[in-house]
There are 2 protein chains.
Amino acid sequence: MRQTLEFLLYDWLKVQDLGRRERFSDHSRETFDAVFDTCEKIARDKFAPFNRLTDTEEPRFDGERVHLPRATHEALAAYVGSGMLAAAQDHAYGGMQLPCVVEMAANCFFSKASVAMGGYAMLTNGNANLLMAHGTPRQRDVFAMNEFSGRWFGTMCLSEPQAGSSLSDVATRAEPDGTDFEADPLGPRYRLTGNKMWISGGEHEITENIVHLVLAKIPGPDGKPLPGTTGISLFIVPKHLVDTDARLTGERNDVALAGLNHKLGYRGTTNCLLNFGEGRFTPGGRRGAVGYLVGKPGEGLRCMFHMMNEARIGVGLGAVMLGYAGYEASLAYARQRPQGRPVTSGGKDASRPQQLIVEHADVKRMLLAQKSYVEGGLALELFCARLVDEQHTGAPDDAAAAKLLLEVLIPIAKSWPSEWCLEANSLAIQVLGGYGYTRDFPVEQYWRDNRLNMIHEGTHGIQALDLLGRKVVMDGGRALLALAGRIGETAQRAGQVAGLAEAANELGAALAAVGGATKKAWSTGDPEEALANATPYLQAFGHLVLAWVWLDVALALDGRDDDFAQGKRAAQRYFFAYELPRIHAWLGVVARREPLTREMRDAWF
Amino acid sequence: MRQTLEFLLYDWLKVQDLGRRERFSDHSRETFDAVFDTCEKIARDKFAPFNRLTDTEEPRFDGERVHLPRATHEALAAYVGSGMLAAAQDHAYGGMQLPCVVEMAANCFFSKASVAMGGYAMLTNGNANLLMAHGTPRQRDVFAMNEFSGRWFGTMCLSEPQAGSSLSDVATRAEPDGTDFEADPLGPRYRLTGNKMWISGGEHEITENIVHLVLAKIPGPDGKPLPGTTGISLFIVPKHLVDTDARLTGERNDVALAGLNHKLGYRGTTNCLLNFGEGRFTPGGRRGAVGYLVGKPGEGLRCMFHMMNEARIGVGLGAVMLGYAGYEASLAYARQRPQGRPVTSGGKDASRPQQLIVEHADVKRMLLAQKSYVEGGLALELFCARLVDEQHTGAPDDAAAAKLLLEVLIPIAKSWPSEWCLEANSLAIQVLGGYGYTRDFPVEQYWRDNRLNMIHEGTHGIQALDLLGRKVVMDGGRALLALAGRIGETAQRAGQVAGLAEAANELGAALAAVGGATKKAWSTGDPEEALANATPYLQAFGHLVLAWVWLDVALALDGRDDDFAQGKRAAQRYFFAYELPRIHAWLGVVARREPLTREMRDAWF
């Protein structure tokens, strides 16, 4: 992977050029490579060898404490030691001022080695970043700083048992804690009551404290919470209460683990049902979880979703890395497993020695599919991460253009690898055959782990609604036009390169097909009609984007003719020959606003 | 499921008419229904409640014995008590003379309740049927009869650690056991030495004995086994030796469990590495597993594959039933889970109560997809099983026609549900969201269990080579022509029915596309060129067959207008709108003999 990662970063995205910008002026390819060296080594030594262990010894709750394998503690200690938690932060805050794209690329090594152990760090980083954007200076100093240093870890508490995708139904209440609640130096102080579900990293003893970021509703003057998402606010709820110098006060907050979820995969990350304010603990002598308001009342979702782009790129990248791990494992297997013989016009000659299975056309098909999914997915995620850097450090026009492009790309960055790198994991199992179906090989675990990614951080269906219902129509379709411009540019360049001209035409045709279907979906202006086929639209859009990414990557090979370049070209050819033609079946139902799913009645199932 | 099963059997396939045939003259819809009642009840009481238990308490080997949950013993005792093991056998052998299609339909209840527990019975049935076809009268009496009665269970021992798909590389040796080896009343006696891998039901203590059917090579005069499959013979190797009256002699045969495979799913069925002739036991005072030749030397594969059609229908049906179980579980969940609100032109009204998710278009899409996969798959398997009956009990011309049609349908019957009912299981997880990802709900287990089906009993790739490399070209393409005739007939009938005419045209066009691609694939006559894209061909062919099955099923609704009929029509419409158009992407690479996978080199990955 390292060679592909470097090619994408330096030859394709030219991230070394970011060193010319003031914020990154200490950086160059050399400093980036040094970060990769460190991360690759820690991932290899402390994460990868224990990935299976985190699955077999899943978190256990004895009613009092949650037990995790010692390896998880040690791996995360090494991660903290690397300084990666604060990698993108200012020097002033102890950070490295790494570009987002380099930070994300470096984290790939950990995700590939053990996505579940890496989960704690990703969540903590997202949590602290959010506080840097929306917290008061003291909230940053007390909470975010101690997360960047790895002293405490963090969580995001959004879902509830009865409110998963539908956050407007959040029922956790936050009530002012005393008449002087606004005077608390850590922020306006509330007491929270409610249940939060699916909380990754919600309980553990890896760190001395856990900083929960919790969505809850402040009741209106009539004592009732506002309906919808407008009434939602955001709170810092630490597991252990702390003072303004970030010392533990010795008092336990009223946050209790109600139970651990026992999952299909991703078992190394604890996933919890947390009860806030059930009275298990009584800080200040009474029940209710103490929470400090972040930002203004009613702005909880806006704050929480501030970091959404990065979080969704992170999920996509995790899916890609699981796919990558399976690709590498199945390729290694195919290179050493003899089985079968070639069928020639003369039949098979059973007296000849068996072939390695990597020589079979169908195995090569399965490996090429994986390669096109995981390397294409990696390219897409790095491209998006580079846009995040552009948005934050580019010239105003470039920043605005990057922001616009991200609008339509983020649903794909989240959903596409969740679907296709999962398929890659299934193909990895298939390459190993019966062995792949056993727990003696790692590929079955990757497949189980990856199945989560279509569910969390906005389900596949939610991404589809976001794309077709909002992103491609916003501002008269400006974001879609911007993407079309970029795709057209790539097609034009490729049209002038021998060997890529046909693909350029196919890309242009695919773009036209997606554009046409978008118009037809919305031609009646009725969201129910347009959105009934949002998921097939998302799938077609995703394949269009990946075809574009692959063609653009192929252009960066710039005439190279070595094995590496031939492999990239083959993956690009695979994607255009086997994958891109799929879009027409998906777009068919979108374009004619196929009414079947709306007409279907419950009683007919 | 029961209603759909009965509709397919009685309204579509008219299996009640089989009662007019001499072999089935004791039977009628009433006797069939009575069998279904019995099986449905045992499956509900003894299988379904313990399906999760077989997963969590997977088989454990203490070095001496294999431990299974008591529930497995009890479920299989109830199965044996039902008489289903001998359901299709002659009355003279204690059987019920049930048609194959009814026997398979009845077994659906067990597979849906617990595919892993049902596995022992399916294997035993296949084993005993094979002995009925190829064994001597005494081999039938001693071994097959005691399997049909459930006193002993059976296995099929084909694969070896170094020989999975490639049976020509079987290395287990069988050498004549003494100079009088041909005089043994149980059959020519050999001593076997070798290792057999992936043996389902290979060790357990459910029954007092296990009858292994083992492929091995008899060395030629030079002491070397023949290369290829021609040297392979078939042997009965009982775990405990028996006499001609089927009494255990008290001597243990030299068959030793080397280890249990720890699988991703399907955990309730033991899966074993067995060592034959390692000397752990010494029957007659010396090492070597005692085995009795079945049929003639060198005819092992022919004998083993005699029952292949039924075995592959059985695997397909198992995949369908896992899909069905997931469909029912996710439908039940969608009908009671509130979440979200409809998006109308006026936006969303958060003050309204939430909808049940079964009302969301995207959830209906996921449920319709499952319905079309699992009910369509069920129809296909029952159709094939009905052809098996035709082959065995039809008039000579009909029997020959049925045999011909089965040639091209069997690879689809095995592969299609393995792929698409697995997808159904993934959609079931998606409908349940986070809950579907936990082990508190059954859908994740169905998904894990089902992943096996693309691997065993001939992998997906093997089915593809069988279809494109052999079945569609044999005898000048007669089998393909026969299928085309049937499809054309259905299309013609549907063309005259209001509401189905468009689908009839689409089916005709799909048939023409598959036919055209078949010709083009073979236009150079080079198997390497034609077969490089055998798997996409298999996928397209499968979708064509399922579209045909769905249209034919829709015709059998015959103007009915109730909820049941509307549901079937919706599933048929779903398949034509969302699924059938996929074939063009698959056929594209087939038709142009896309050379990419052949040109790809190992070094480029």
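Sequence lines set the chain letters: A, B, ... in the order given, protein chains first and strands last, and positions in each chain run from 1.
- Taking chain B as the reference chain and counting heavy-atom pairs below 4.5 Å, the highest number among A:Arg598, A:Glu594, A:Arg573 is found for A:Arg573.
- Note: B:Ala361 leads B:Pro342, B:Ala350, B:Ala361 in heavy-atom pairs under 4.5 Å with chain A.
- With B:Gln339 contributing its side chain and B:Leu356 its backbone, the two residues share no donor-acceptor pair below 3.5 Å.
- Looking at A:Glu359, only its side chain comes within 4.5 Å of chain B, counting heavy atoms on both sides.
- Distance check: B:Tyr437 OH to A:Asn453 CG gives 7.5 Å after rounding to the nearest 0.5 Å.
- A heavy-atom distance below 4.5 Å is found between the side chains of B:Gln566 and B:Arg569.
- Side-chain atoms of A:Arg335 come within 3.5 Å of backbone atoms of B:Asp602 as a donor-acceptor pair (strictly under, hydrogens ignored).
- Interface remark: A:Thr230 contributes no atoms to any contact with chain B (heavy atom separation under 4.5 Å).
- Considering every non-hydrogen atom in both A:Ala464 and A:Leu538, the closest pair reads CB-CB, 3.9 Å.
- Expressed to the nearest 0.5 Å, how far CG of B:Leu273 lies from OG of B:Ser159 amounts to 11.5 Å.
- With a threshold of 4.5 angstrom between heavy atoms, A:Ile429 approaches chain B through its backbone and through its side chain.
- For A:Tyr435, the parts lying near chain B are the backbone and the side chain together; criterion is any non-hydrogen pair under 4.5 Å.
- Only the side chain of A:Gln354 comes within contact range of chain B, with heavy atoms under 4.5 Å apart.
- One distance of note links OH of B:Tyr578 with OG1 of A:Thr535; it measures 9.5 Å at 0.5 Å rounding.
- Annotation: maximal heavy-atom pairing with chain A below 4.5 Å, among B:Leu531, B:Asp349, B:Leu331, B:Asp440, occurs at B:Leu331.
- When the candidates B:Glu528, B:Glu579, B:His584, B:His360 are compared by the number of heavy-atom contacts under 4.5 Å with chain A, B:Glu528 comes out ahead.
- Considering only heavy-atom pairs separated by less than 4.5 Å from chain A, the leading option among B:Leu580, B:Thr459, B:Asn533 is B:Asn533.
- Looking only at heavy-atom pairs under 4.5 Å with chain A, the residue among B:Gly340, B:Gly588, B:Ala532, B:Ala603 that has the most is B:Ala603.
- Both the backbone and the side chain of B:Tyr266 come within contact range of chain A, judged by heavy atoms closer than 4.5 Å.
- Using a 4.5 Å cut-off between heavy atoms, A:Ser168 contacts chain B through its side chain alone, with no backbone atom that close.
- With a 4.5 angstrom heavy-atom cutoff, A:Lys371 touches chain B only via side-chain atoms.
- In this structure, chain B has heavy atoms under 4.5 Å from both the backbone and the side chain of A:His460.
- Heavy-atom distances place the side chain of A:Met197, and not its backbone, under 4.5 Å from chain B.
- Among B:Trp586, B:Tyr574, B:Trp447, the residue with the largest count of heavy-atom pairs under 4.5 Å with chain A is B:Trp447.
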request  = I would like to know whether B:Arg52 and B:Glu444 meet salt bridge (charged side-chain N to carboxylate O under 4.0 Å, His left out); could you show each step before the answer?
outcome  = CA-CA 11 Å; B:Arg52 174 62 74 176; B:Glu444 63 84 27; 2.7 Å; yes

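- The neighbour count for B:Arg601 CZ, taken as heavy atoms of other residues, nucleotides or ligands under 6.0 Å away, does not exceed 12.
- Contacts between A:Arg352 and chain B at a heavy-atom distance below 4.5 Å are absent for every atom of the residue.
- B:Asp362 has its side chain within reach of B:Arg365: a pair of non-hydrogen atoms, C-beta onward, lies under 4.5 Å apart.
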